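Proteins get letters first, then strands, A, B, ... in listed order; numbering begins at 1 in each. Remember, predicted model here, so these are calculated numbers, not experimental data.
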There are 2 protein chains.
Amino acid sequence: MIGTPMRFARNTEIYGEEEAAEHLYQVTSGAVRTYKILEDGRRQIGAFYLPGDIFGFEAGDTHISSAEAICESQVLMVRRSALMIRAIHEKDLARQLWDATALELRRFQNHVMLLISSAEQRVIGFLRDMARRATKNAAIELPMSRQDIADYLGLTIETISRTFTQLEQKGVISLLTSRRVELRDHVLFHGFVRNLD
Amino acid sequence: MIGTPMRFARNTEIYGEEEAAEHLYQVTSGAVRTYKILEDGRRQIGAFYLPGDIFGFEAGDTHISSAEAICESQVLMVRRSALMIRAIHEKDLARQLWDATALELRRFQNHVMLLISSAEQRVIGFLRDMARRATKNAAIELPMSRQDIADYLGLTIETISRTFTQLEQKGVISLLTSRRVELRDHVLFHGFVRNLD
DNA sequence: TTTCCCCTAAGTAGAAGCCAGTAGGTATTT
DNA sequence: AAATACCTACTGGCTTCTACTTAGGGGAAA
C-alpha cells in the first residue's frame, strides 16, 4: 500500500465521526484507537490498530467513528476514491479491500463476544487478541492506557486494574511493567480458560 | 434482487458456521437469526433479519455465524460468485453490495453500543431498533422469543422479562401480548432516554 | 526535579445472574 | 373430550459481580 506518510502526536485526532470518509489509513508505527462518544458522555472504543493494520475503511461514505493516535504515530494516507477506481481493474486490489472488510467484520463480531463475558474473560480475551497481533515476543506491549482498555471492554478502570492483579496472582500473566504483560503459555494454547480458581 | 425462493421451517438451519459462503440470502417473509455458540455453551445472537434484509454476506469466503429461521420463513437465495462477477460490470450492483456491507458494519457497531449499557437501555435500544425496521405500525411484532432477545442482548431471560414488565409500569411501552409491543412516542422521538424514574 | 497523570487498593452499594416456582397456551395422548 | 406433557413467559428470594467512591503511591513527561 502506497500513500502519503503523516505523523500524529499523542491524543490527536486523525478524523472525526460523521466526516466524509475520503481517506483510508495504514498504521506504520504507533497505535490508533477508533471510538464513539455516547449520549450520556461515555466513550466506547471500537478498535485498536497496530502497525500494519488498515483503518478508516467503513464501506460507507462517512466515518462511523472518530480516530485518534494513542501515542506518537505514523500512518500512510490514501484517497479512497482513487483506490476504488483502481480496484475496478486490479482484481488483486479489489480482493484486498474485501479482505480488509471481512477482517473488520470479524473484529466487530469478536468484540461482541468479549462484551458478553465476565470481566476476567474480557481482559483475557483482550490480551490474547493483542498477543496474537503483536510482534511475536513473549511480552505484549500495551500502547494504550487502562482507561482505553476499560472503554474498549465496557468496564471501569478499577475493574481492569483489579483483574490484572488477580490474573497475575493466579499466574495467568506477568506484569513486567504496567504496559508490558507476559501471557503464560497455557492461556495462549488453550482456546478458552474455564476454571482459574 | 432475483434468486431461488426457499422455505425454512421454524428453528431450522439455513447455513452453518464455517461453511463455505456460497450464497447470499434475502428474507421475503418470516425472520432469521444468526448466532455463534461459545466455548462455554452460551449462544450469542449476532443479528436478526426481517423481510427485505440481506444476510449471509460476510465479505469473506466462509460464514462466521450460523443462520436459522426463527419462524416459518421464505428467503431468496443467490449465488455469491455469480453476483460478484456481475458486480464487476454493473456499477449499481457493486454499489449495492458495498452498501449492504456498510449497513452490516453499522449494525455490529450499534450492537456493541447496546452491550455496554444497562439492561433497561439494552432492551429499549433493541425495541427502538425493531420499531425503526418494522412496518410502520404503532405496535412492534416480535417474531423472536425472550430467550432469543436475551441471547442477543447478553442478558438472561429473567432480566428480559422483568425489564419488559418494569418498562410497562413506567409507561414506556405497552405489552399488547408478549410478542406485540407498543413504544410510547417520547421514546421514539427522543434519541435517548435519560431518566425514567 | 517537580508536577501531574496513571495506576492500584479497599470498602460499599446496586444491578444482574441463578435457582425455584407459578401460570397460560398448545400439542399429544388416551 | 379429558388428561397429560411441553413450551413460553412472568415473579420472588438470594447470591455474586462489577460500578462507584475514596485514598494513596509511582512513573513518565516537562
Side-chain angles (χ1 to χ4, degrees), chain A residues 9-12 31 33 38 40-44 69-72 114-126 141-170 173-181 195-197, chain B residues 9-11 33 38 40-44 70-72 114-127 141-170 173-181 195-197:
Chain A
R10 198 174 107 106
N11 293 330
T12 53
R33 61 177 169 247
L38 282 83
D40 58 3
R42 284 177 306 157
R43 179 184 68 155
Q44 174 61 38
I70 292 174
C71 49
E72 177 83 15
L114 276 188
L115 293 180
I116 61 163
S117 328
S118 66
E120 186 176 273
Q121 287 304 325
R122 292 190 216 189
V123 171
I124 292 177
F126 166 74
E141 294 285 341
L142 298 177
M144 70 291 287
S145 69
R146 296 289 190 268
Q147 187 63 62
D148 283 339
I149 301 174
D151 289 348
Y152 176 71
L153 295 178
L155 297 168
T156 58
I157 177 175
E158 293 91 339
T159 301
I160 301 292
S161 196
R162 232 188 315 236
T163 308
F164 267 86
T165 307
Q166 286 164 9
L167 287 176
E168 174 156 54
Q169 282 165 0
K170 288 180 180 177
I173 62 172
S174 291
L175 282 166
L176 309 177
T177 75
S178 65
R179 301 284 183 108
R180 279 176 62 87
V181 184
N195 270 315
L196 294 171
D197 307 303
Chain B
R10 198 174 108 105
N11 293 331
R33 60 177 170 249
L38 282 83
D40 58 1
R42 283 177 307 157
R43 179 184 66 156
Q44 174 62 36
I70 291 173
C71 50
E72 176 83 16
L114 275 188
L115 292 180
I116 60 162
S117 328
S118 66
E120 185 176 276
Q121 287 303 325
R122 293 190 214 190
V123 171
I124 292 177
F126 165 73
L127 288 175
E141 295 284 342
L142 298 177
M144 70 290 287
S145 70
R146 294 290 189 268
Q147 187 61 62
D148 285 338
I149 300 174
D151 289 349
Y152 176 71
L153 295 178
L155 297 169
T156 57
I157 180 172
E158 295 95 330
T159 302
I160 301 294
S161 196
R162 249 186 287 262
T163 307
F164 267 86
T165 307
Q166 286 164 9
L167 287 175
E168 174 156 53
Q169 281 165 0
K170 288 180 179 175
I173 61 172
S174 290
L175 281 166
L176 310 177
T177 74
S178 66
R179 300 285 184 107
R180 281 175 62 86
V181 183
N195 270 315
L196 295 170
D197 307 303

Side chain proximity check, Val181(B) to Leu175(B), heavy atoms < 4.5 angstrom: yes
Which residue lies more 5' along DNA chain D, comparing Thr177(A) with Leu175(B) via nearest heavy atoms: Leu175(B)
Which residues share a side-chain contact (heavy atoms from CB on, under 4.5 Å) with Ser118(B), sequence neighbours left out: Glu120(B), Gln121(B)
Whole-Å distance separating the CD1 atom of Ile116(B) from the P atom of dT18(D): 16 Å
For residues 157-166 of chain A, dump all side-chain donor-acceptor pairs below 3.5 Å to protein atoms at least two apart in sequence or in another chain.
residue, atom, partner, partner atom, Å
Thr159(A), OG1, Thr156(A), OG1, 3.0
Thr163(A), OG1, Thr159(A), O, 2.6
Thr165(A), OG1, Ser161(A), O, 3.0

Interface residues of residues 149-160 of chain A with DNA chain D (non-hydrogen, below 4.0 angstrom): Gly154(A), Leu155(A), Thr156(A), Glu158(A), Thr159(A)
Gap between atoms CZ and P, on Arg179(B) and dC7(D) respectively (whole Å): 14 Å
Any side-chain heavy-atom pair of Arg33(B) and Asn11(B) under 4.5 Å: yes
Interatomic distance, Glu168(B) CD vs dC10(D) C1' [rounded to whole Å]: 12 Å
End-to-end axis angle, where each axis spans five pairs of the helix from dT1(C)-dA30(D) to dT30(C)-dA1(D), to 10°: 50°
Results of side-chain contact (heavy atoms from CB on, under 4.5 Å) for Arg10(B) - residues two or more places apart only: none
Sugar-phosphate only, base, or nothing, as touched by Arg122(A) at under 4.0 Å among non-hydrogen atoms: nothing
Leu38(A) side chain near Ile116(B) side chain, heavy-atom distance below 4.5 Å: yes
Nucleotide range of DNA chain C lying under 4.0 Å from chain A heavy atoms: dC6(C) to dG11(C)
Sugar-phosphate, base or nothing in reach of Ser118(A), heavy atoms under 4.0 Å: sugar-phosphate
Base dG12(D) to side chain Arg162(B), donor-acceptor N/O within 3.5 Å cut-off: yes
Results of salt bridge (Lys or Arg N to Asp or Glu O under 4.0 Å) for Glu168(A) - residues two or more places apart only: none
Rounded distance in Å - CD1 (Ile173(B)) to C1' (dC10(D)): 13 Å
Ile124(A) side, atom CD1; Ser117(A) side, atom OG - distance, nearest 0.5 Å: 10.0 Å
N or O in side chain of Ser178(B) less than 4.0 angstrom from dT8(D) OP1/OP2: no
Whole angstrom value for the distance that separates P of dA28(D) from CG of Asn11(A): 17 Å
Sugar-phosphate, base or nothing in reach of Ser161(B), heavy atoms under 4.0 Å: base
Sugar-phosphate only, base, or nothing, as touched by Arg180(B) at under 4.0 Å among non-hydrogen atoms: nothing
Test item: Ser145(A) and Arg179(A) side chains (from C-beta on) under 4.5 Å apart, heavy atoms: yes
Contacts of type salt bridge (Lys or Arg N to Asp or Glu O under 4.0 Å), residue Asp151(A), not counting sequence neighbours: Arg43(A)
Distance in angstrom units between Gln166(B) CD and dG12(D) C1', rounded: 13 Å
Partner residues of Arg122(B) under the salt bridge (Lys or Arg N to Asp or Glu O under 4.0 Å) criterion, sequence neighbours left out: none
Length of the line joining Leu167(B):CG and dC10(D):C1', which is rounded to integer Å: 15 Å
With sequence neighbours excluded, residues passing side-chain hydrogen bond (donor to acceptor under 3.5 Å, both in side chains) with Ser174(B): Arg184(B)
